[in-house]
Amino acid sequence: MQGIARFVMRNRFSGAAFILMCSLLPLFVWFGNAALALWTLRRGAIEGATVAGLALAGYILLGLVTGGSKEGALVFVLLLWLPLFVAAAVL
């Protein structure tokens, strides 16, 4: 787990890529959520929002390339990432 945490915390893009890839696989969504919480807890709300924004941009781009819609990505963020981000920012 420490190796995964080191990879996630290496830079913004590796964190966003990990969150994005985990969000695409149903059983790994919780690992992506944990990575977002780790970013927010360790580096603050602004850095956490930046990483979440990068992951959301990648998620929307991937959805548009595959023929999906951006509304699905926004619902995903509001239901899954927003409560987690708010809780980590408060802590």
Side-chain angles (χ1 to χ4, degrees):
M1 293 305 280
Q2 286 182 352
I4 293 172
R6 271 192 227 108
F7 173 75
V8 168
M9 295 300 291
R10 184 179 302 164
N11 58 32
R12 290 179 185 162
F13 296 107
S14 65
F18 183 80
I19 293 170
L20 176 63
M21 289 300 129
C22 286
S23 297
L24 297 175
L25 302 169
L27 296 176
F28 291 99
V29 169
W30 302 111
F31 289 114
N33 292 345
L36 177 59
L38 180 66
W39 261 94
T40 306
L41 288 170
R42 295 280 312 255
R43 298 214 178 150
I46 295 173
E47 287 288 324
T50 303
V51 171
L54 287 171
L56 176 63
Y59 198 72
I60 289 173
L61 182 65
L62 190 62
L64 291 175
V65 168
T66 59
S69 65
K70 58 185 171 196
E71 291 84 17
L74 294 175
V75 168
F76 180 78
V77 167
L78 289 176
L79 290 177
L80 202 58
W81 290 352
L82 186 64
L84 175 89
F85 174 76
V86 170
V90 168
L91 289 175

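Each residue takes its place number in the sequence, starting with 1.
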Report yes or no: do L64 and V75 belong to one cluster of Ile/Leu/Val/Met/Phe/Trp/Tyr joined by side chain heavy-atom distances under 4.5 Å? no

Which pair of heavy atoms, one from R43 and one from M9, lies closest together, and at what distance? NH2-O, 3.0 Å

Kindly give the heavy-atom pair with the smallest separation between V8 and W39, and that separation in Å. O-NE1, 3.0 Å

Measure the spacing between CD1 of I4 and CG of L38 and express it to the nearest 0.5 Å. 11.5 Å

Tell me the closest heavy-atom pair linking L54 and A16, and the distance in Å. CB-CB, 3.6 Å

State whether the number of non-hydrogen atoms from other residues, nucleotides or ligands found under 6.0 Å of F7 atom CZ is greater than 12. yes

Using the rule that two of Ile, Leu, Val, Met, Phe, Trp, Tyr join whenever any of their side-chain heavy atoms come within less than 4.5 Å, decide whether L24 and F18 are in one cluster. yes

Interatomic spacing from CG in L41 to CG in L91 - rounded to 0.5 Å: 6.0 Å

Quick check: closest heavy atoms across S23 and V29, and the distance to 0.1 Å? O-CG2, 4.1 Å

If you count every heavy atom of other residues, nucleotides or ligands that lies below 6.0 Å from L78 atom CG, does the total exceed 12? yes

With rounding to the nearest 0.5 Å, note down the distance linking CG in L20 to CZ in F13. 13.0 Å

Rounded at 0.5 Å granularity, tell me how far CG in L84 sits from CG in L82. 9.5 Å

In terms of ring plane angle, is the pair W81 and Y59 parallel, tilted or perpendicular, where the classes change at 30° and 60°? tilted

To the nearest 0.5 Å, what is the distance between CG on L61 and OG1 on T66? 9.5 Å

Give the minimum heavy-atom separation between I19 and A55, together with the two atoms involved. CG2-CB, 3.9 Å

Here the gap from L27 atom CG to C22 atom SG, rounded to the nearest 0.5 Å, amounts to 11.0 Å

According to a hydrophobic-cluster definition based on side-chain heavy atoms being under 4.5 Å apart (Ile, Leu, Val, Met, Phe, Trp, Tyr only), do L25 and L79 belong together? no

Treat each ILVMFWY residue as a node, draw an edge where side-chain heavy atoms are under 4.5 Å apart, and state whether F31 and F85 are in one component. no

Could you state whether V86 and L56 fall into the same hydrophobic cluster, counting links through intermediate Ile, Leu, Val, Met, Phe, Trp or Tyr residues with side-chain heavy atoms under 4.5 angstrom apart? no

